[in-house]
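Chain A is the first sequence line, chain B the second, and so forth, proteins listed ahead of strands; every chain is numbered from 1. None of these values were measured; they are calculated from a predicted model.
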Amino acid sequence: MYNEKVMDHFMNPRNVGEIENPDGVGLVGNPVCGDVMKITIKVKDGRIEDIKFKTFGCGAAIATSSMVTELVKGKTLDEALEISNKTVAEALEGLPPQKMHCSNLAADAVHMAIKDYYEKTGKVQVAEEGIHE
Amino acid sequence: MYNEKVMDHFMNPRNVGEIENPDGVGLVGNPVCGDVMKITIKVKDGRIEDIKFKTFGCGAAIATSSMVTELVKGKTLDEALEISNKTVAEALEGLPPQKMHCSNLAADAVHMAIKDYYEKTGKVQVAEEGIHE
Amino acid sequence: MNTHSNARRLVYLDHSATTPVRAEVLAAMLPYFADKFGNPSSIHSWGREARVAVDAAREQIASAIGANPQEIIFTSGGTEADNLAIRGVAQSLKDKGNHLITSQIEHHAVLNTFQDLAKQGFKVTYVPCDEYGMIDPDDVRKAITDETILISIMHGQNEVGTIQPVEEIGKIARERNIIFHSDAVQSLGKIPVNVDAMGVDLLTISSHKIYGPKGVGALYVRKGTKIKPQVTGGIHERRLRAGTENVPGIVGFGEACRLAQQEMPEESKRLRELRDRLINGILNTIPDTVLNGHPEKRLPHNANISVKYVEGEAILLNLDLFGIGASSGSACTSGSLEPSHVLLAMKIPHETAHGSLRMTLGRSNTKEDIDYVLEVLPPIVEKLRAMSVFGN
Amino acid sequence: MNTHSNARRLVYLDHSATTPVRAEVLAAMLPYFADKFGNPSSIHSWGREARVAVDAAREQIASAIGANPQEIIFTSGGTEADNLAIRGVAQSLKDKGNHLITSQIEHHAVLNTFQDLAKQGFKVTYVPCDEYGMIDPDDVRKAITDETILISIMHGQNEVGTIQPVEEIGKIARERNIIFHSDAVQSLGKIPVNVDAMGVDLLTISSHKIYGPKGVGALYVRKGTKIKPQVTGGIHERRLRAGTENVPGIVGFGEACRLAQQEMPEESKRLRELRDRLINGILNTIPDTVLNGHPEKRLPHNANISVKYVEGEAILLNLDLFGIGASSGSACTSGSLEPSHVLLAMKIPHETAHGSLRMTLGRSNTKEDIDYVLEVLPPIVEKLRAMSVFGN
Ligand SMILES: Cc1ncc(COP(=O)(O)O)c(C=O)c1O
Ligand SMILES: Cc1ncc(COP(=O)(O)O)c(C=O)c1O
């Protein structure tokens with residue numbers, strides 16, 4: 001069902017956990033649907049210095065969570081905002097069709113954490129339309 | 001499908017043929033339905049002295065034709081009239097259910113031959129209701 | 001069960017009824033009974049392994065008929081596939097129109113399904129055939145009304161072997177934008193079957209007629225064709241047919257398709273030669289015999305001959321004792337009181353229809369088999385004719 | 001396909017999804033593929049030989065459920081049998097009434113068929129269940145109206161294993177003279193299934209759940225029960241189901257039934273002990289786990305446990321890498337966005353439903369298998385919980 005890359009991120013997820021006193025928190029998903037992701041970030045000099053995830057969900061949900069943390073870690077906030085759910089799925093070399101919908105929310109969670117950071121710090125957010133695509 | 005007794009009468013039918021100048025002829029069946037039997041009899045002293053059949057039909061039709069000739073040969077006309085299609089089927093130790101209807105006409109043919117004999121000779125027929133049961 | 005008391009060899013000549021599963025097919029199936037036994041819907045390795053096998057078979061079958069794998073819907077056989085096609089279209093398009101077209105010479109799986117729909121209020125036109133069992137595309141064209149939603153005309157006729165002009169009918173259907181279904185159960189593996197060349201939207205095929213296992217068939221459903229599923233339940237076969245997949249059966253069907261396609265050119269030539277030897281042998285040695293069906297446009301393995309003055313079942317029983325298995329369109333073997341509807345549609349008289357003998361050849365048959373039949377049959381006919389009411 | 005990279009043994013715990021064909025069954029089937037391959041409708045010896053085999057299997061199956069052989073109609077599986085029963089009765093009795101009763105916890109083969117009938121204008125009452133997945137016969141009684149023509153309530157629930165009070169429901173149906181159908185696909189071979197004791201008019205069974213081949217099932221149809229055939233065509237199965245019989249499949253089903261019936265008392269006891277070891281082991285070692293389904297009135301081979309705070313598919317994938325095959329009622333494995341309708345009907349919260357784990361035991365499972373699961377599962381749960389949003 002899942003390819004090797006997905007299975008690798010599922011079995012050996014990167015950046016699991018929760019950052020204490022995070023600069024931003026993103027929580028997406030819905031327990032009814034079976035997938036909930038929480039992303040916590042530490043921001044320094046406009047870059048994502050640290051990122052951790054916690055996910056309740058299926059293989060795809062966990063793998064995309066893990067992958068997105070790898071993709072955005074060290075990136076500027078603007079760069080991170082450009083990473084979409086599609087980018088994540090592509091970085092995982094594809095997800096099964098029935099998984100594209102429900103489990104592929106990881107980029108949304110990162111965007112939300114960045115938004116949360118902007119709101120908390122009162123910093124101006126450059127491109128609102130980058131938040132959710 | 002057919003039991004051994006039926007197969008024996010089918011493969012080695014008794015009294016096949018046609019009596020020349022018969023005392024009675026019975027012809028039953030219908031080519032549309034796929035079974036036609038012709039019985040010819042020779043009568044002497046109120047008994048069926050000789051009997052022959054010709055049949056266009058399936059295994060059951062041929063076997064019942066053969067069996068009925070065995071059953072009535074040498075019998076009095078009254079005795080012969082008492083032999084029904086059911087008697088013939090029983091003497092054959094049973095026919096497949098779907099064959100009880102169409103192919104089991106042999107006794108009818110004998111009865112018709114006897115009727116024909118009565119009509120030809122003008123002899124009184126004792127029990128009309130015996131003819132067809 | 002009476003044995004072949006008179007048999008000097010066993011000659012199976014009823015390949016249109018069913019065929020033995022060939023060794024390669026059984027070998028392909030065997031791992032899927034006990035070893036790779038998973039349910040393709042399961043996500044664990046047992047399930048995934050079964051899914052891979054089903055998908056591979058789907059590709060083999062699609063490739064044999066020029067279709068895409070996603071257009072293949074597995075069913076329990078040809079009968080179910082015919083039902084799914086016909087009921088599925090009628091029910092899904094009933095708001096567009098209520099007229100259906102088929103022919104008088106379809107298999108009962110098609111015919112009885114139309115008759116059932118007729119009882120439910122659909123109007124059905126049964127186009128006739130000529131004396132060779134051939135349908136005239138023009139009759140189909142003329143039958144079309146503004147209400148017509150489905151045309152179903154078979155490819156190779158199962159009793160008399162006549163190959164129907166489906167390509168032309170497909171063109172007519174396409175011109176008029178009407179869904180076209182064809183039953184190719186008998187033609188698959190015998191003559192080329194290609195969904196695009198035939199112009200069909202729906203095509204029925206069955207495994208056990210091509211040396212695959214019984215209990216598996218498929219309906220080709222051209223992309224975009226709307227049909228209402230007839231068996232509902234879990235999510236299988238693109239929601240068009242529910243039920244746990246018959247994995248070994250499907251694997252066997254796939255392999256049978258692959259082999260049939262590969263061997264068809266040579267095998268069909270071989271069968272045609274044997275069949276012609278059989279037909280000519282009978283027509284030349286037994287008087288009052290006639291070939292039923294088209295002399296040339298005919299499935300390569302089908303010989304259907306009427307033996308006048310005798311009844312089919314009586315011949316079959318005699319042949320059986322000699323170890324020869326064949327079939328007949330007589331009433332006694334049709335399960336009804338009427339002889340074959342196909343022979344009657346061809347205007348063959350009842351008596352002659354009752355005496356029809358269908359011999360359908362297959363992989364195991366040899367020249368020696370044919371010669372054996374040609375040796376055994378004449379005395380059987382002679383004997384039965386001697387006791388027949390007709391003919392002398 | 002990822003292999004069982006962490007597996008120290010292979011433990012199949014998904015016997016409610018499907019089972020391997022057992023050796024005796026395959027041995028019984030094998031002659032019918034290539035050697036005794038006839039079509040049971042043929043009158044020659046090949047055909048008669050196949051007919052005898054089909055009839056013998058029919059007797060084996062009838063005997064396993066206390067029926068007469070003529071009351072057994074072979075189908076392509078449990079799904080088709082459910083469809084035949086439900087559509088068949090609804091269509092044949094639609095002039096008597098248009099109300100149907102079933103439950104919220106039926107298999108999709110039943111549920112989706114009723115939903116389809118509802119779209120066609122039938123009124124359907126879906127009776128609820130309690131927290132254990134048990135239906136109250138009184139709810140069925142109350143649902144009955146003068147229009148009710150069919151009640152369909154399953155025997156053993158396939159997800160949570162709860163055994164339904166079919167005998168009582170059968171009595172109610174009889175009192176009110178309403179046709180009663182029960183899906184016994186999961187209970188056959190596990191607990192006694194007897195059509196008279198259950199008071200059913202129609203009963204669904206399936207071969208591949210009892211170590212028989214896939215692609216075969218049967219519907220028991222009590223003498224005198226009128227149902228409209230759903231697959232029309234040739235004359236097979238008392239005109240209730242057309243299509244060339246899957247002879248090897250039917251033979252295998254017969255043998256599987258015979259063996260299941262014979263071994264049930266001992267095997268069910270053995271499974272129950274193993275299952276209890278599994279259930280208790282999990283409940284005792286993994287915190288925040290709950291048993292789903294009835295604690296006592298439960299199929300002997302079914303363990304269904306919700307592991308809170310984690311999602312079912314994630315557990316399954318981990319177990320799979322350890323060589324353990326199981327299933328879940330999570331949305332991710334149900335093919336829809338909703339978790340199991342059965343768990344939801346039992347009022348289990350969505351999160352808990354998503355974390356359900358169904359393990360269904362079978363012939364091959366041993367105490368060692370269970371101990372292996374009990375060793376492997378806790379660290380998997382711990383690891384997944386450590387990365388979960390919930391629970392800590
Ligand atoms: C032309 C045709 N259609 C349909 C069928 C039915 O197929 P199956 O036997 O797989 O149900 C047959 C065979 O009996 C056939 O010859
Ligand atoms: C209760 C129940 N009914 C029906 C079915 C369907 O049976 P089959 O897989 O033979 O179509 C199943 C199995 O999936 C089942 O568990």
S.K.: State, to 0.1 Å, how close C:Thr19 and D:Phe37 come at their nearest heavy-atom pair, and which atoms those are.
M.R.: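 Between these two residues, the closest heavy atoms are C-CD1, 3.5 Å.
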
S.K.: Taking side chain as C-beta onward, heavy atoms only, is D:Tyr32 less than 4.5 Å from C:Val21?
M.R.: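 A side-chain contact is absent here, since even the closest heavy-atom pair is not under 4.5 Å.
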
S.K.: Counting only non-hydrogen atoms closer than 4.5 Å, does C:Leu30 touch chain D with its backbone (N, CA, C, O), its side chain (CB onward), both, or neither?
M.R.: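 When you check distances to chain D, only side chain atoms of C:Leu30 fall under 4.5 Å.
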
S.K.: I'd like to know if the side chain of D:Thr232 pairs up with that of C:Arg87 as donor and acceptor (distance under 3.5 Å, no hydrogens or angles considered).
M.R.: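 There is such a pair (donor and acceptor under 3.5 Å, judged by atom type) between the side chains of D:Thr232 and C:Arg87.
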
S.K.: If you measure from CD on D:Glu80 to OG1 on C:Thr75, what distance do you get to the nearest 0.5 Å?
M.R.: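 So the CD of D:Glu80 and the OG1 of C:Thr75 are separated by 10.0 Å.
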
S.K.: Less than 4.5 Å to any heavy atom of chain D: does that hold for the side chain of C:Leu111, its backbone, both, or neither?
M.R.: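 The answer is neither part of C:Leu111.
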
S.K.: In Å, rounded to the nearest 0.5 Å, how long is the span from OG1 of D:Thr244 to NZ of C:Lys214?
M.R.: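 Those atoms lie 8.0 Å apart.
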
S.K.: Measure the spacing between OG of C:Ser45 and CG of D:Leu319 and express it to the nearest 0.5 Å.
M.R.: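 Answer for the OG-CG pair, C:Ser45 versus D:Leu319, is 11.0 Å.
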
S.K.: Are D:His44 and C:Tyr12 an aromatic pair by the rule of ring centers under 6.0 Å?
M.R.: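 They qualify: ring centres under 6.0 Å apart.
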
S.K.: Please round to the nearest 0.5 Å and tell me the distance separating atom CD1 of C:Ile43 and atom OG of D:Ser328.
M.R.: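 So the gap between those two atoms works out to 7.5 Å.
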
S.K.: With a 4.5 angstrom heavy-atom cut-off, could you sort out which part of C:Glu245 is near chain D: side chain, backbone, both or neither?
M.R.: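 The backbone, not the side chain.
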
S.K.: Give, for atom CG of D:Leu26 and atom CE of C:Met29, the distance between the pair rounded to the nearest 0.5 Å.
M.R.: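 Nearest 0.5 Å value for the CG-CE distance: 9.5 Å.
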
S.K.: Shorter than 4.5 Å, heavy atoms on both sides: which option in D:Gly215, D:Ala17, D:Pro20 has the most such pairs with chain C?
M.R.: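 The answer is D:Pro20.
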
S.K.: Do you know which two heavy atoms are closest between D:Thr79 and C:Val231, and how far apart they sit?
M.R.: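 What the structure gives for the nearest pair is CG2-CG1, 3.6 Å.
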
S.K.: A side-chain contact here means heavy atoms from C-beta on lying under 4.5 Å apart; do C:Arg48 and D:Asp320 qualify?
M.R.: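 Yes, side chains in contact.
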
S.K.: Considering only heavy atoms, which portion of C:Ser206 lies under 4.5 Å from any heavy atom of chain D: side chain, backbone, both, or neither?
M.R.: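 Neither the backbone nor the side chain of C:Ser206 comes within 4.5 Å of chain D.
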
S.K.: Against chain D, label C:Glu106 side chain, backbone, both or neither, depending on which of its atoms sit under 4.5 Å from a heavy atom there.
M.R.: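 Neither part.
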
S.K.: Would you check if there is a donor-acceptor pair between the side chains of D:Arg241 and C:Ser76 at a distance under 3.5 Å?
M.R.: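 Their side chains do contain a donor-acceptor pair, which is all the 3.5 Å distance test asks for.
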
S.K.: Let me know if C:Ala326 has heavy atoms under 4.5 Å from chain D in its side chain, its backbone, both or neither.
M.R.: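 Backbone of C:Ala326 only, per the 4.5 Å heavy-atom cut-off to chain D.
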
S.K.: Against chain C, label D:Asn83 side chain, backbone, both or neither, depending on which of its atoms sit under 4.5 Å from a heavy atom there.
M.R.: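 D:Asn83 touches chain C through side-chain heavy atoms alone.
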
S.K.: So which residue, C:Gly323, C:Gly249, C:Gly233, ends up with the most heavy-atom pairs under 4.5 Å with chain D?
M.R.: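 Heavy-atom pairs under 4.5 Å are most numerous for C:Gly233.
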
S.K.: Ring-plane angle category for D:Phe33 and C:Phe33, please: parallel below 30°, perpendicular beyond 60°, tilted otherwise.
M.R.: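 Tilted, since the angle between the ring planes falls between 30° and 60°.
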
S.K.: Is it the side chain or the backbone of C:Lys36 that comes within 4.5 Å of chain D heavy atoms, both, or neither?
M.R.: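 Neither part.
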
S.K.: Between C:Ala242, C:Gly78, C:Ala23, C:Pro229, which has the largest tally of heavy atom pairs under 4.5 Å with chain D?
M.R.: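 Looking at each option in turn, the highest pair count goes to C:Ala242.
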
S.K.: Heavy atoms only, distances under 4.5 angstrom: which of C:Gly38, C:Gly77, C:Gly252 has the most pairs with chain D? Name it, please.
M.R.: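 The option with the most such pairs is C:Gly38.
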
S.K.: Would you mind checking which part of C:His236 comes under 4.5 Å of any heavy atom in chain D, side chain (CB onward), backbone (N, CA, C, O), both or neither?
M.R.: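 Contact with chain D is absent: no heavy atom of C:His236 under 4.5 Å.
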
S.K.: Using 0.5 Å steps for rounding, measure from the OG1 atom of C:Thr18 to the CH2 atom of D:Trp46.
M.R.: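 These two atoms lie 13.0 Å from each other.
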
